[in-house]
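Note that the structure is predicted; figures quoted are calculated from it, not measured.
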Amino acid sequence: MSRLTIRDIAQEAGVSPGAVSFALNGKPGVSEATRTRIINIANDLGWQPDPAAKALSLRKTDALGIVLTRPPQTVRDEGFYFPFLCGLAEVFAESSRPLVFRLAQTIAQEVEIYKQWASNHRVGGVVLVDLKDNDPRPQIVKDLGLASVSVGHDQGAGSSISVDDALAMHAVVNHVFAQGFRFPAYVSGIETFTHTTVRKKAFLDKARDLGLEQAYAFNSDYTEDSGAAITRMIVERHPEVDVIIYDNEMLTLGGVNYLLSQGKAIPADVGVFSWEDSVLCRVFSPSISTLSRDPEALGRASAQVLIDAMDSGEDQHRVMPSPQVVQRATTSV
C-alpha cells in the first residue's frame with residue numbers, strides 16, 4: 001500500500017494541501033477549528049510524517065537559494081533574470097524566507113556551492129535554472145538533503161515548474177507563416193540548455209510541417225554582440241531569409257541594429273520576432289513582436305512550488321500557462 005500523503009488528507013478534508021501542511025506543522029494560515037478537523041482526519045487515516053521531510057523541516061534556516069551559472073554580462077543585460085529574481089524574492093519574503101543569490105562560472109563550481117549550503121545549513125531549498133538534458137543537479141541537491149524546484153522542465157528529481165516551450169514555438173512559427181513569411185531563421189540560446197534543444201526542435205519540426213523547406217537555426221550566447229554577428233552571417237549567407245526569431249531581447253537588439261545599419265526595412269525586407277518581451281521591445285521603432293512571457297510571474301510560481309514542497313515534504317509539479325503571441329510592427333506585413 002502506498003504511503004499516505006498530504007494530498008490524500010486534503011482530498012478527504014476538502015481543503016488545499018497547503019492548508020493541511022499549515023495544520024500539521026502548527027503554522028498560522030488556518031483557523032483552529034479547521035486545524036483540529038484536519039488533525040483528526042489525519043489521525044483517523046493513520047498519517048505519519050516522512051522522516052526525511054521532517055528532518056528537512058527542522059533545519060536551522062528556511063533560507064532559499066539560487067545559483068546562476070552564466071557570464072555576468074548575460075545576467076546583467078537581458079530582461080529575464082531581474083524580474084524573475086524579483087518574483088522569487090517577493091514570495092519568499094511573504095513567507096519570511098530570505099533569498100540567497102550566487103553567481104558561478106561552471107557547473108562544478110555551482111555544485112560546490114550547493115555542498116557548502118547543505119553542510120552548513122545555509123539554505124533549505126534551491127531554485128534550479130538553465131537546466132540541461134540529463135542534468136545531474138536535481139539529483140545532486142536531492143542527495144544533499146536540499147529541496148529543489150527545476151524551472152522549465154521536470155528533471156525527474158525534486159519539484160518542477162514546467163513551461164511548454166514546444167507549444168510556444170509552434171505558435172510563433174504559425175504566426176510568422178500566417179503573416180506571409182516563408183524563409184524563417186531562429187537565433188537560439190546556449191546550445192546545451194534543455195529549453196534551447198526543445199525550442200530548436202519545435203522550430204524545425206513546425207517549419208517542416210508547414211512546408212517550409214528552408215528554415216535555419218543558430219546557437220548564440222544571448223548577448224547583443226552575438227545577435228549582431230549571427231544576423232550578419234544570415235544576411236550574407238542566406239539572403240533568402242525573410243524573418244528572424246531571436247531567443248531574447250538582447251539578441252533582437254543586436255540583430256535589428258545590424259539590419260537597420262545595412263538599410264534593411266523591417267518588416268518589408270526582414271521580419272523580426274523576440275522570444276522575450278520588455279519595455280525595449282515596446283518602445284523600439286519599429287515595435288517588436290514578442291511572446292507574452294512574464295518572468296516575474298514565473299519567479300513567483302517557482303517560489304511557491306518550492307515553499308509548498310518544503311512545507312509538505314512532497315515534490316510538487318506544476319505547468320505554467322502557455323505564452324501568447326503579441327503582434328507588433330516587426331511582423332505586421
Taking side-chain hydrogen bond (donor to acceptor under 3.5 Å, both in side chains) as the definition, give me every residue that meets it alongside [X], ordered by chain and number, with sequence neighbours left out.
X    : value
D165 : H153, R199
E236 : R232
S220 : none
Q327 : S332

Which heavy atom of [X] sits nearest a heavy atom of [Y], and at what distance?
X    : Y    : answer
V241 : A185 : CG1-CB, 3.9 Å
P83  : P295 : CG-CB, 3.9 Å
L128 : P138 : CD1-CA, 3.7 Å
I113 : A104 : CD1-CB, 4.3 Å
S188 : T196 : OG-CG2, 3.6 Å
L24  : A42  : CD2-CB, 4.0 Å

Stepwise, does the side-chain contact (heavy atoms from CB on, under 4.5 Å) test hold for L291 with V325? CA-CA 5 Å; L291 282 174; V325 169; 4.1 Å; yes
Does [atom1] belonging to [X] count more than 12 external heavy atoms closer than 6.0 Å?
X    : atom1 : value
N120 : CG    : yes
E90  : CD    : yes
F101 : CZ    : yes
Q109 : CD    : yes

Would you say the side chain of [Y] lies within less than 4.5 Å of the side chain of [X], judging by non-hydrogen atoms?
X    : Y    : result
V127 : F84  : yes
W117 : V67  : yes
D130 : T69  : no
Q316 : M310 : no
E249 : F80  : no
D308 : E314 : no
I190 : N219 : no
L64  : V100 : no

Kindly compute the distance separating [atom1] ([X]) from [atom2] ([Y]), expressed to the nearest 0.5 Å.
X    : Y    : atom1 : atom2 : result
D205 : K200 : CG    : NZ    : 12.5 Å
I266 : S289 : CD1   : OG    : 11.0 Å
E12  : I9   : CD    : CD1   : 9.5 Å
R70  : D221 : CZ    : CG    : 10.0 Å
I244 : T231 : CD1   : OG1   : 4.5 Å
D225 : L253 : CG    : CG    : 10.0 Å

Output a table of donor-acceptor pairs, distance under 3.5 Å, between side-chain atoms of residues 166-184 and any protein atom two or more places apart or on a different chain; print 'none' if there are none.
from, atom 1, to, atom 2, distance (Å)
N174, ND2, H170, O, 3.2
H175, NE2, T331, OG1, 2.8
Q179, NE2, T331, O, 3.0
R182, NH1, F177, O, 2.8

Hey, quick one: are [X] and [Y] part of the same hydrophobic cluster, counting side-chain heavy atoms closer than 4.5 Å, chains of contacts allowed?
X    : Y    : result
V270 : M233 : yes
V163 : F273 : no
V272 : L251 : yes
L280 : L259 : yes
V149 : L99  : yes

Using the side-chain contact (heavy atoms from CB on, under 4.5 Å) rule, take V187 and I234 through it: C-alpha gap first, then chi angles, then the decisive distance, then the call. CA-CA 10 Å; V187 182; I234 291 172; 4.1 Å; yes
Hey, could you give me each pair passing side chain to side chain donor-acceptor pair (under 3.5 Å) that has a residue in residues 137-149? Not counting sequence neighbours.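 Listed by first then second residue: E110-R137, D135-R137, Q139-D143.
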Please collect all side chain to side chain donor-acceptor pair (under 3.5 Å) contacts where either partner lies in residues 270-285, sequence neighbours excluded, each pair once.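 Side chain to side chain donor-acceptor pair (under 3.5 Å) check on residues 270-285 returns T252-S274, E276-R293, D277-T290, D277-R328.
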With no hydrogens and no angle check, is any side-chain donor or acceptor of [X] less than 3.5 Å from a backbone partner on [Y]?
X    : Y    : result
S302 : L298 : yes
S95  : F92  : yes
D8   : T5   : yes
S226 : T223 : no
S159 : V305 : no
D247 : G189 : yes
T36  : E32  : yes
Q304 : R300 : no

Among residues at least two apart in sequence or on other chains, which ones pass ring-ring contact (aromatic ring centres under 6.0 Å, His included) with [X]?
X    : value
Y216 : H238
F193 : H195
F203 : Y186
Y222 : none

Ion pair present between D154 and R318, side-chain N to carboxylate O less than 4.0 angstrom? no
Decide yes or no on side-chain contact (heavy atoms from CB on, under 4.5 Å) for R102 and I66, but give the supporting numbers first. CA-CA 6 Å; R102 293 281 302 273; I66 181 170; over 6 Å; no
I'd like to check the side-chain contact (heavy atoms from CB on, under 4.5 Å) partners of A265; sequence neighbours left out, ordered by chain and number.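 Applying side-chain contact (heavy atoms from CB on, under 4.5 Å) to A265 gives A268, D269.
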Before you tell me yes or no, could you show the steps for L68 and V129 under side-chain contact (heavy atoms from CB on, under 4.5 Å), namely the whole-Å CA-CA distance, both residues' side-chain angles and the distance that decides it to 0.1 Å? CA-CA 7 Å; L68 298 184; V129 295; 3.4 Å; yes
